[in-house]
Amino acid sequence: MHRRPMSPPSNQITKEDTSPDLFAIRRFRKRPVTAEEIETTRPFYRPGNEENGRIGVLLIHGFTATPATFREYSESLSEDGYTVSAPLLPGHGVTPDGLLQVTYDEWLEAVLNAYDQIQTACDKIFVIGISLGGTLSLHLSTRRNGISKLILISPAVYPLQPLHFFGSVLFPLIKKLKSPFWFWVAGDIKKKEGFELAFGKTAIGGLEQVLSGMASARTILHEVTTDVLIFQAETDHEIPSNKAHDILRKIGSKNKEIVWLKNSFHDIPRDNDASAVLERIRKEISVTPE
């Protein structure tokens with residue numbers, strides 16, 4: 001199938017357009033992004049064609065990250081003819097200051113709008129969310145009918161234990177000291193040459209909203225009845241990987257499955273298992289019965 005040209009960006013990339021707060025991050029190392037990499041952080045929407053064009057794929061990135069997380073997946077699935085949407089969540093992609101006042105409800109509203117847009121062109125829709133995107137996908141499934149399948153990658157439903165202390169004690173103290181930022185929370189990648197495009201520091205207000213959304217998601221797991229497939233790395237430094245068992249057990253869906261990955265960390269679409277996960281996603285989309 002021939003590649004269709006991408007819609008032109010809304011404005012020309014310039015040196016000034018590169019954010020000083022956006023980095024290519026892997027674990028404890030980071031470097032500034034290039035202008036070409038900045039382009040991959042834009043919202044992605046490409047209509048499909050032929051028979052596959054009536055199948056939509058909505059990809060939702062994680063906290064402090066951008067649609068660049070799913071750029072390879074977006075391009076590849078678009079090449080297959082599917083209608084693909086990867087929105088940029090509010091407060092993301094430009095400066096960490098955008099996450100100081102943003103709310104979880106604003107993120108969810110953006111996801112609902114993206115779903116409604118793609119639904120106008122598609123008969124079936126697959127929703128793929130990573131980390132915070134997985135949390136938002138769960139809430140989306142209780143607000144909209146007709147989702148063919150939820151594909152959750154490292155879903156952020158349970159926080160790591162230290163975040164309980166940080167959220168209740170440390171974060172309020174830091175804000176009182178007029179220091180509204182924390183270290184970066186991105187780039188948990190095992191692949192040596194891998195990296196995630198994300199903010200190099202974290203707005204505490206935004207992180208508090210993530211924790212609030214996670215707590216809310218835990219209360220609605222039984223309401224999720226859409227078929228669910230979870231991809232979870234056995235080693236994950238951003239969420240407790242063992243809690244994937246609890247998520248699957250509490251989800252109300254009849255058809256649900258976990259795929260465990262041995263060769264990746266949290267940011268799976270940028271890690272060693274990225275291609276294998278993409279091929280499984282292709283299989284899920286292509287074999288869904290009428």
Side-chain angles (χ1 to χ4, degrees), residues 25-28 57-63 65 69-74 76-77 86 126-141 147-163 185-196 198 210 213-214 217-218 220-222 224-288:
I25 300 172
R26 176 181 176 268
R27 305 284 285 146
F28 307 109
V57 184
L58 175 61
L59 303 111
I60 309 168
H61 68 78
F63 182 57
T69 298
F70 284 122
R71 187 63 172 211
E72 179 183 344
Y73 288 12
S74 298
S76 183
L77 293 170
F126 294 81
V127 177
I128 305 173
I130 181 170
S131 197
L132 169 62
T135 319
L136 291 163
S137 298
L138 289 165
H139 279 109
L140 170 64
S141 73
I147 298 174
S148 296
K149 193 159 205 165
L150 289 181
I151 299 175
L152 309 178
I153 302 175
S154 314
V157 177
Y158 292 90
L160 293 171
Q161 283 298 321
L163 283 180
V185 290
D188 187 29
I189 297 172
K190 186 175 184 179
K191 187 177 181 180
K192 290 184 178 180
E193 65 274 22
F195 58 86
E196 176 67 276
V210 173
M214 293 166 74
R218 294 194 292 275
I220 57 96
L221 290 175
H222 66 284
V224 177
T225 57
T226 304
D227 291 353
V228 172
L229 174 62
I230 298 176
F231 291 100
Q232 178 61 58
E234 293 183 359
T235 302
D236 189 318
H237 302 97
E238 294 188 16
I239 60 169
S241 58
N242 63 309
K243 287 294 187 178
H245 292 294
D246 289 347
I247 296 172
L248 199 74
R249 177 174 56 83
K250 294 178 180 179
I251 280 176
S253 312
K254 292 182 179 179
N255 299 313
K256 48 190 178 179
E257 177 188 359
I258 298 179
V259 174
W260 291 98
L261 304 173
K262 296 179 179 294
N263 205 27
S264 295
F265 293 156
H266 185 76
D267 295 318
I268 293 167
R270 311 283 292 200
D271 216 326
N272 291 308
D273 294 302
S275 295
V277 170
L278 176 57
E279 288 310 306
R280 176 62 190 270
I281 289 172
R282 277 202 178 96
K283 181 179 178 182
E284 293 296 323
I285 294 173
S286 64
V287 303
T288 299

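Heads up: numbering here begins at 1 and tracks the sequence.
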Practice problem: Looking only at non-hydrogen atoms, find the nearest pair between Ser131 and Gly62 and report the distance. | Solution: CB-CA, 4.5 Å
Quiz item: Tell me, do Leu229 and Ile281 make a side-chain contact under 4.5 Å, heavy atoms counted?
Solution: no
Quiz prompt | Asp236 CG to Leu160 CG distance, which is reported to the nearest 0.5 Å | solution = 7.5 Å
Practice problem: Indicate the atoms forming the closest heavy-atom contact of Arg26 with Ile189, along with that distance. | Solution: NE-O, 3.4 Å
Quiz item: Under 4.5 Å between any side-chain heavy atoms of Val157 and Lys243, yes or no?
Solution: no
Practice problem: Search all heavy atoms of Gly134 against all heavy atoms of Leu152 and return the closest pair with its distance. | Solution: O-CD2, 3.8 Å
Quiz item: At their closest point, which heavy atom of Phe265 faces which heavy atom of Asp271, and how far apart are they?
Solution: N-OD2, 2.9 Å
Quiz item: Which distance, rounded to the nearest 0.5 Å, do you find between the CG of Leu278 and the CD1 of Ile268?
Solution: 13.0 Å
Exercise. Mind listing the closest non-hydrogen atom pair of Ile25 and Ala186 along with its distance?
Key: CG2-O, 3.5 Å
Quiz item: What are the two closest non-hydrogen atoms of Glu234 and Ser241, and how far apart are they?
Solution: O-OG, 3.0 Å
Quiz item: To the nearest 0.5 Å, what is the distance between OG (Ser154) and CD (Glu238)?
Solution: 8.0 Å
Quiz item: Would a 4.5 Å heavy-atom cut-off, applied to side chains only, mark Ile285 and Leu77 as touching?
Solution: yes
Quiz item: Do Thr69 and Glu196 have side-chain N/O donor and acceptor atoms under 3.5 Å apart?
Solution: yes
Practice problem: Would you please classify the geometry between the Trp260 ring and the His245 ring as parallel, tilted or perpendicular, with 30° and 60° separating the classes? | Solution: tilted
Quiz item: Salt bridge or not for Arg27 and Asp188, using N-O below 4.0 Å?
Solution: yes
Self-check item: Carboxylate-amine/guanidinium contact Lys283 Glu279, below 4.0 Å
Solution: no
Quiz item: Could you walk me through whether Val185 and Val210 pass the side chain to side chain contact (heavy atoms under 4.5 Å, CB included) check?
Solution: CA-CA 12 Å; Val185 290; Val210 173; over 6 Å; no
